[in-house]
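As structure tokens, the structure follows; a few thoughts come after it.
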2 protein chains.
Amino acid sequence: MSRTWNQYIVKQENKALVLKTIIEHTPISRAKVAQVTGLNKGTVSSLVSELIDEHFVMESGPGESSGGRRPVMLLFNQAAGYTIALDLGVGYIDAALTDLNGEIMVKKHAKMHERQFDTVFEHIVSTIHTLMKEMKKSPYGLVGIGMGVPGVVNHEGEILLAPNLNWKNIQLKQALNDVFDVPVIVENEANAAAYGEMRFGFKTPPKHMLYLSVGMGIGMGMVLDQKLYTGLNGFAGEMGHITIVKDGINCRCGNAGCFERYASEQALLEQAIKRGLVTGNEEASVDLLIQKATENNEAVIALFKEIGEYIAIGITTMINLFNPEQILIGNQLSKLQPWIKEDIQAYVYSHAIGFHSKKVTVDFTSPNHLSTIKGMASFTIENFLLSIKQTEE
Amino acid sequence: MSRTWNQYIVKQENKALVLKTIIEHTPISRAKVAQVTGLNKGTVSSLVSELIDEHFVMESGPGESSGGRRPVMLLFNQAAGYTIALDLGVGYIDAALTDLNGEIMVKKHAKMHERQFDTVFEHIVSTIHTLMKEMKKSPYGLVGIGMGVPGVVNHEGEILLAPNLNWKNIQLKQALNDVFDVPVIVENEANAAAYGEMRFGFKTPPKHMLYLSVGMGIGMGMVLDQKLYTGLNGFAGEMGHITIVKDGINCRCGNAGCFERYASEQALLEQAIKRGLVTGNEEASVDLLIQKATENNEAVIALFKEIGEYIAIGITTMINLFNPEQILIGNQLSKLQPWIKEDIQAYVYSHAIGFHSKKVTVDFTSPNHLSTIKGMASFTIENFLLSIKQTEE
DNA sequence: TAACTTTGTCCAACATATAGACAAACAAAA
DNA sequence: TTTTGTTTGTCTATATGTTGGACAAAGTTA
């Protein structure tokens, strides 16, 4: 049975439209909402009063008059509920309690070198419990938990493979749902970051955006038409394993010449060691190399530029395939920005097909942007608002 | 002003749903439509009677009884209007008159070695006029013209670059609109073929499908969520110019190591000549080489397999990036299928990330499938039905 | 102070989907 | 044949929700 259209649906859609308008323009008057949406004033009034009853909207005293009766300003009640979003990284766990606007209320950061799933899971659960205690009384309470992970996640929230954690076939969503009775969303870290940046990183969100996560491995999050694209099973964006050098270096994936064998954090560190840029008693790390580069270590800077060129090749491929509006480079290697940004932009400019006619921007975003956290919060919030709409039908 | 929802919209949407159901299930009774859509029988009755008034639907005598009153069968009136779809190839022009179901009524094929735009355009116009004369009297007449071209087309129907025709910045849509007073759609050939195959090539259309057009150049049509994806400006799918061999053969695009320098018809012919597989008085062509391969010419077969391996690398990239349900290889080099299909499938199977968990099928489609024509017809028909809906609002 | 503006509510009019009754047309069992 | 039950499609009453306009309240401006 397909979706039919009747009065109930019309009402739910209009109500969602009104709420969306209030969220985007908060604070705003009923009259303005009617003007912006094109709905009749009366319709807006009645829908708003329902939204107030449901605690999604609040009235906040009178606003400025524009030559007539002063408007009653409406606010989105971002405190009507909370989400908990987590970013499970390699070596750390970030977590945050957010309101319904995705604004971070409380933040937690923990180093985590243990990789055994049971141990990590225990830590996750206790972190969530801690954050839950920080919630103030609210009409809807915790509306969802979102979790970004560095691995391949299917549409059922199962982690099929997380090479850098050494995890395989972990039913993470199921495990969390066994403990917490709220909707749980598990998504790939790059996908979440892509969405988070699209939603919160721009004045006007780009139509098509690609986020290249260059960490230990390389992943790509694709936001096409402002919606996350994940492919048939959820595995889209395996950018790290496209071939850019035929018959190149072998990759553990079974392929050879994979992008991430040349452009990732791992590739960077391997090369640094191989070239003797790290002395015996130093531990190879991005930060260490950056320090050396800052001290004008020519060899390190040259290595950065080499890695940068490979990244540029990947970016060019992305542009040629997707004709996006925006490309964002994130995760660890975005820290190399000062040494590679100009070169990458120059390379892309001269190598992408018909670049001049395209209006693509290539930028960097820093790891402390919390893109993944924000993206996961967005997913849970949108999922919650959608579920409200549907249960009312 | 955003889109609001009211009774008019509800009615138009439901009417569209009823029409879609009739098109997909033709012949079908009103009762069945109600059952399939979930709409009330009365609602279906009144909408159907409007559709009949508008000549989109016809009644065709009584159907088989299933133990009660015999149903009145409804047919989609595919003869309510016509479209003309063209496939502008390198060296030929295909054209067809189709009904509103996209079924081809009249077909024209013409060799065309002249590349001067004015000459080609004249030929196009006269072909369209010829086909228009074949139309029978119908309520809506010609509802649109669709044209697939081997080049980069923007959203305004302008051909920015068609290297194999040596065209640049041609306002094709505008030129056609100056002559014909119907909606004109111009689209890249691979995009059209992708859509055409998705719509007509499967029992159940795949959710995400990629069509790799391997001709003189290489283009990719992307149908994601059963909708054509063309990127910000319409330039998405420039698969021919992604780098698969770093510092490889130079390409006229300014890049080096481009996919189409290794896997296209052009690459094939160049190599054949270079290796002396074509004698002085023969003209190098795909068909000639196929003939030699059929005669068990080992060197030619080896060349085919080499080209096949490069194609496989490209396909693997596509799978890793998009996690599609279906991949289709089309255009000239699909003729190499007998020599390369198995190798490609084996390569993809062993090189694509987590292949086993993915349900992707890699197939070939022959050039005489008229995929491009059918895709362009689909575009014009859908555009027409949409415009009807909107003008009624 | 009077006249005009803006805001938000209320109410009648209208459009359209739904449920259910009903008649027509048929098949199968008695 | 007759009867019974089923399926189809139409019709009517009802419910719902939007629209447009009237109107009061609360401002501003001349």
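Within every chain, numbering begins at 1; the chains are lettered A, B, ... in the order of the sequence lines, protein sequences first and strands thereafter. What you see is a predicted model, and the numbers here were worked out from it, not measured in a lab.
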Can you tell me how far [atom2] of [N] sits from [atom1] of [X], to the nearest Å?
X: A:Gln12; N: D:dG17; atom1: CD; atom2: C1'; answer: 11 Å
X: A:Glu13; N: D:dT18; atom1: CD; atom2: P; answer: 12 Å
X: A:Leu47; N: D:dG17; atom1: CG; atom2: P; answer: 10 Å
X: A:Ile52; N: C:dT9; atom1: CD1; atom2: C1'; answer: 13 Å
X: A:Lys32; N: C:dG8; atom1: NZ; atom2: C1'; answer: 15 Å
X: A:Arg30; N: C:dT9; atom1: CZ; atom2: C1'; answer: 10 Å
X: B:Gln35; N: D:dT7; atom1: CD; atom2: P; answer: 10 Å
X: A:Glu50; N: C:dT9; atom1: CD; atom2: P; answer: 13 Å

Task: Phosphate OP1/OP2 of D:dG17: any A:Asn14 side-chain N/O under 4.0 Å - done: no
Less than 4.5 Å apart, side chain to side chain, heavy atoms only: is that true for [X] and [Y]?
X: A:Phe384; Y: A:Leu100; answer: yes
X: B:Thr98; Y: B:Ile104; answer: yes
X: B:Glu197; Y: B:Met209; answer: yes

Task: Those residues that, when tested against B:Phe322, pass ring pair (Phe, Tyr, Trp, His ring centres under 6.0 Å) (two or more places apart) - done: A:Phe322
TODO: Please collect all side chain to side chain donor-acceptor pair (under 3.5 Å) contacts where either partner lies in residues 57-68 of chain A, sequence neighbours excluded, each pair once.
DONE: A:Arg30-A:Glu59
TODO: List the protein contact pattern of nucleotides 19-30 of chain C with one symbol per nucleotide (5' to 3'): B for base contact, S for sugar-phosphate-only contact, - for none; contact means a heavy-atom distance under 4.0 Å.
DONE: B---BBBBS---
TODO: Kindly point out which of D:dG17, C:dG8, D:dT10 is positioned nearest to the side chain of B:Ser45?
DONE: D:dT10
Open item on the list: On DNA chain C, compare the nucleotides closest to A:Thr43 and A:Gln7; which residue's is nearer the 5' end?
Closed with: A:Thr43
TODO: On DNA chain C, check which nucleotide each of A:Asn6 and A:Ala31 is closest to and give me the residue with the more 5' one.
DONE: A:Ala31
Open item on the list: Please report the interatomic distance CE(B:Met222) to CG(B:Asn191), rounded to the nearest 0.5 Å.
Closed with: 8.5 Å
- [ ] Classify the angle between the aromatic ring planes of A:His208 and B:Tyr229 as parallel (below 30°), tilted (30 to 60°) or perpendicular (above 60°).
- [x] perpendicular
Task: First of B:Met73 and A:Lys11 reached from the 5' end of DNA chain D, by closest nucleotide - done: B:Met73
TODO: Check every strand shown and say whether B:Val72 touches a base, only sugar-phosphate, or nothing at a heavy-atom separation below 4.0 Å.
DONE: sugar-phosphate
TODO: With heavy atoms under 4.0 Å as the rule, sort B:Ser29 into base, sugar-phosphate or nothing.
DONE: sugar-phosphate
